[in-house]
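Presented below is the structure to which this report refers.
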Amino acid sequence: MGILKYAGRSLRTVTAIMLGLCVISGCARRERAESEEEPYTIGVVTKSRDSEYWMSVCSGMEKAAGDYRVSVRIISPDSESNDKMQKKMIHDLIQQNVDALAISPISSYDAPYLEEAEEEGIRVVAYDTKIMADGIPYIGIDNRKAGEELAADMAGRLSNCGKVGIVAGDLRQTAHSERVEGILSYIEKNTDIEIGFVESGYANLLISDAEISRIFSEHPDIDGIFATSGVTALGIRQYLGESPVLVMTVDAQQDALTAVASGKLAALAAQSGYEIGYETVRFIAENRENDDGILEDRILDADILTKDNIDEWQ
């Protein structure tokens, strides 16, 4: 009897230990499963990745993804004019069941993917450039205001007279069209400056010496140029050499900042690609559980930099 008594007690002890191990093992498996769950994935489509600005945007997104424990899947068309390819990339990301989409649209006014994303329950935000549709939040600078502030700086340098021209990117993109609107509005309301021309359709590097030569052959008396893209502005400045024509733009890539510091570019509305990228991912991560209604835009600062204040900004 004594042996059976102790054997029974031992059996109960072993059973309890085994049950405890099973519970612990179950917890471990559950924790492992939770840790192996797919991260919240943001599909990102840029306009391109062939300039310092877009590479900086992507760097900001990747840093924010690490900070906020989300995943970013970044894809880019081969140029800022390839609208068809960009739309296909957006469609492909929707088919991959991403949790959210961050898009810098090549066309602000043609967004057929919005209905598809809505059907799949995928949140869409626009960054750098607005998507002109109800309920799509925007992360970026106030482009119209940036245009107005550049125009005010130009007007001051030209004593509110003279003749200026505008070389803009694709006006289907609100980032460019709003900058042009801001420039024109300020000059027409506040100065006697003549607008010599508005050339549009230039996407980053897509402006040749031949096109610049044509512009200045047709308008030899230009005192200042507004370029809505930093790369375009730098191309114009290089073509002009030591000409006293003032050149202003919007951007914050390093070669543009260096050109401002040296006086080659007269002024720059500083749009930090890194900050826009970071704030876009942060915005989505912070609002991923927010389904209560339309989200407000997140407007970022754009400081007007000149040779006199750029050291303080950098």
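Using a 4.5 Å heavy-atom threshold, the side chains of Y113 and I94 count as touching. Side-chain contact between I222 and V164 is absent, with no heavy atoms from C-beta onward closer than 4.5 Å. Between Y274 and M61, every side-chain heavy-atom pair lies at or beyond the 4.5 Å cut-off. A 4.5 Å side-chain heavy-atom check between S81 and S79 finds at least one atom pair inside the cut-off. Residues W54 and I74 have side chains not in contact (no heavy-atom distance under 4.5 Å, counting atoms from C-beta outward). Here the side chains of E178 and T228 are not in contact, with every heavy-atom distance at 4.5 Å or above. In this structure, the side chains of I103 and I90 come closer than 4.5 Å at one or more pairs of heavy atoms. Contact check for R73 versus V98: side-chain heavy atoms found under the 4.5 Å cut-off.
Evaluated for a side-chain contact (heavy atoms from CB on, under 4.5 Å) with Q271, the options D303, I141, T249 yield exactly one hit, I141.
Hydrophobic clustering of Ile, Leu, Val, Met, Phe, Trp and Tyr side chains at less than 4.5 Å, counting indirect connections, unites F226 with I195. I131 and I75 end up in the same hydrophobic cluster when Ile, Leu, Val, Met, Phe, Trp and Tyr side chains are linked at under 4.5 Å. L114 and L295 are members of different hydrophobic clusters when ILVMFWY side chains are connected at heavy-atom separations under 4.5 Å. Residues L101 and I276 fall into different hydrophobic clusters, defined by Ile, Leu, Val, Met, Phe, Trp and Tyr side chains chained together at heavy-atom separations under 4.5 Å. Note on V45 and V72: separate hydrophobic clusters, where clusters join Ile, Leu, Val, Met, Phe, Trp and Tyr whose side-chain heavy atoms are under 4.5 Å apart, directly or indirectly.
Surrounding CD of E118 are at most 12 heavy atoms belonging to other residues, nucleotides or ligands under 6.0 Å away. For Q95, the CD atom sits in a packed shell: over 12 heavy atoms of surrounding residues, nucleotides or ligands are nearer than 6.0 Å. Around CG of N160, the count of heavy atoms belonging to other residues, nucleotides or ligands within 6.0 Å exceeds 12. Shown here is Q96, whose CD atom has more than 12 heavy atoms of other residues, nucleotides or ligands within 6.0 Å. No more than 12 heavy-atom neighbours from other residues, nucleotides or ligands sit within 6.0 angstrom of CD on Q238.
One N or O on the side chain of S262 and one on the backbone of A259 form a donor-acceptor pair closer than 3.5 Å. Listed for the D99 side chain is a donor-acceptor partner under 3.5 Å among the backbone atoms of T41. Under the 3.5 Å distance criterion, the side-chain polar atoms of R69 are left unmatched by any main-chain donor or acceptor of A65. Distance alone, capped at 3.5 Å, places no donor-acceptor pair between the R144 side chain and the I183 backbone. Side-chain N or O atoms of T232 include none that pairs as donor or acceptor with a backbone N or O of A227 at under 3.5 Å.
The CD atom of E181 sits 9.0 Å away from atom OG1 of T174, with the distance rounded to the nearest 0.5 Å. For the atom pair N82 CG and S76 OG, the distance stands at 11.5 Å (nearest 0.5 Å). Taking CD1 from I212 and CG from L240, the interatomic distance works out to 7.5 Å, rounded to the nearest 0.5 Å. Distance CZ/R237 to CG/L246: 8.0 Å, rounded to 0.5 Å. Separation of atoms CD1 (I187) and CG (D192) is listed at 11.5 Å; rounding is to 0.5 Å. To the nearest 0.5 angstrom, M55 atom CE is 9.5 Å from R49 atom CZ.
With sequence neighbours left out, the side-chain contact (heavy atoms from CB on, under 4.5 Å) criterion links E149 to K145, I304. Judged as a salt bridge (Lys or Arg N to Asp or Glu O under 4.0 Å), and not counting sequence neighbours, the contacts of R214 are E199, E218.
Geometrically, R298 does not engage F283 in a cation-pi contact defined by less than 6.0 Å to the ring centre and at most 45° from the axis.
Heavy-atom minimum distance, S56 versus G273: OG-C, 3.8 Å. The nearest pair of heavy atoms linking V124 to A117 is CG2-CB, 3.7 Å. Heavy-atom minimum distance, Q86 versus T46: NE2-O, 3.1 Å. A pairwise comparison of heavy atoms in I284 and A102 identifies CD1-CB, 3.9 Å as the closest pair. Counting all heavy atoms, side chain and backbone alike, V44 lies closest to L93 at N-CD1, 4.0 Å. Nearest approach of E80 to S48, heavy atoms of both residues: CG-OG, 3.6 Å.
The aromatic rings of Y278 and Y68 stand perpendicular to each other, their planes meeting at an angle above 60°, with 30° marking the opposite boundary.
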In sequence, state the C-alpha distance, the side-chain angles, and the governing distance for K163 and D223, and then conclude on salt bridge (Lys or Arg N to Asp or Glu O under 4.0 Å).
CA-CA 5 Å; K163 186 175 182 181; D223 300 299; over 6 Å; no

Does the pair L265 and K307 meet the rule for a side-chain contact (heavy atoms from CB on, under 4.5 Å), with working shown?
CA-CA 9 Å; L265 291 181; K307 189 175 182 180; over 6 Å; no

Chi angles and distances behind the side-chain hydrogen bond (donor to acceptor under 3.5 Å, both in side chains) call for Q173, K47:
CA-CA 10 Å; Q173 301 172 16; K47 290 178 189 168; 2.8 Å; yes

So I166 and F197, side-chain contact (heavy atoms from CB on, under 4.5 Å) or not? Walk me through it.
CA-CA 6 Å; I166 300 172; F197 62 87; 5.7 Å; no

Determine, step by step, whether N287 and R123 satisfy the side-chain contact (heavy atoms from CB on, under 4.5 Å) criterion, reporting the C-alpha distance in whole Å, the side-chain angles of both residues, the deciding distance to 0.1 Å, and the verdict.
CA-CA 10 Å; N287 288 287; R123 166 166 284 154; 3.8 Å; yes

Apply the test side-chain contact (heavy atoms from CB on, under 4.5 Å) to residues I136 and Y138: give CA-CA distance (whole Å), side-chain angles for both, the deciding distance (0.1 Å), then the verdict.
CA-CA 7 Å; I136 306 300; Y138 162 73; over 6 Å; no

Show your reasoning for whether salt bridge (Lys or Arg N to Asp or Glu O under 4.0 Å) applies to D110 and K87.
CA-CA 10 Å; D110 181 23; K87 286 185 170 69; 3.4 Å; yes

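Cluster partners of I294 are absent, since no Ile, Leu, Val, Met, Phe, Trp or Tyr has side-chain heavy atoms less than 4.5 Å from it.
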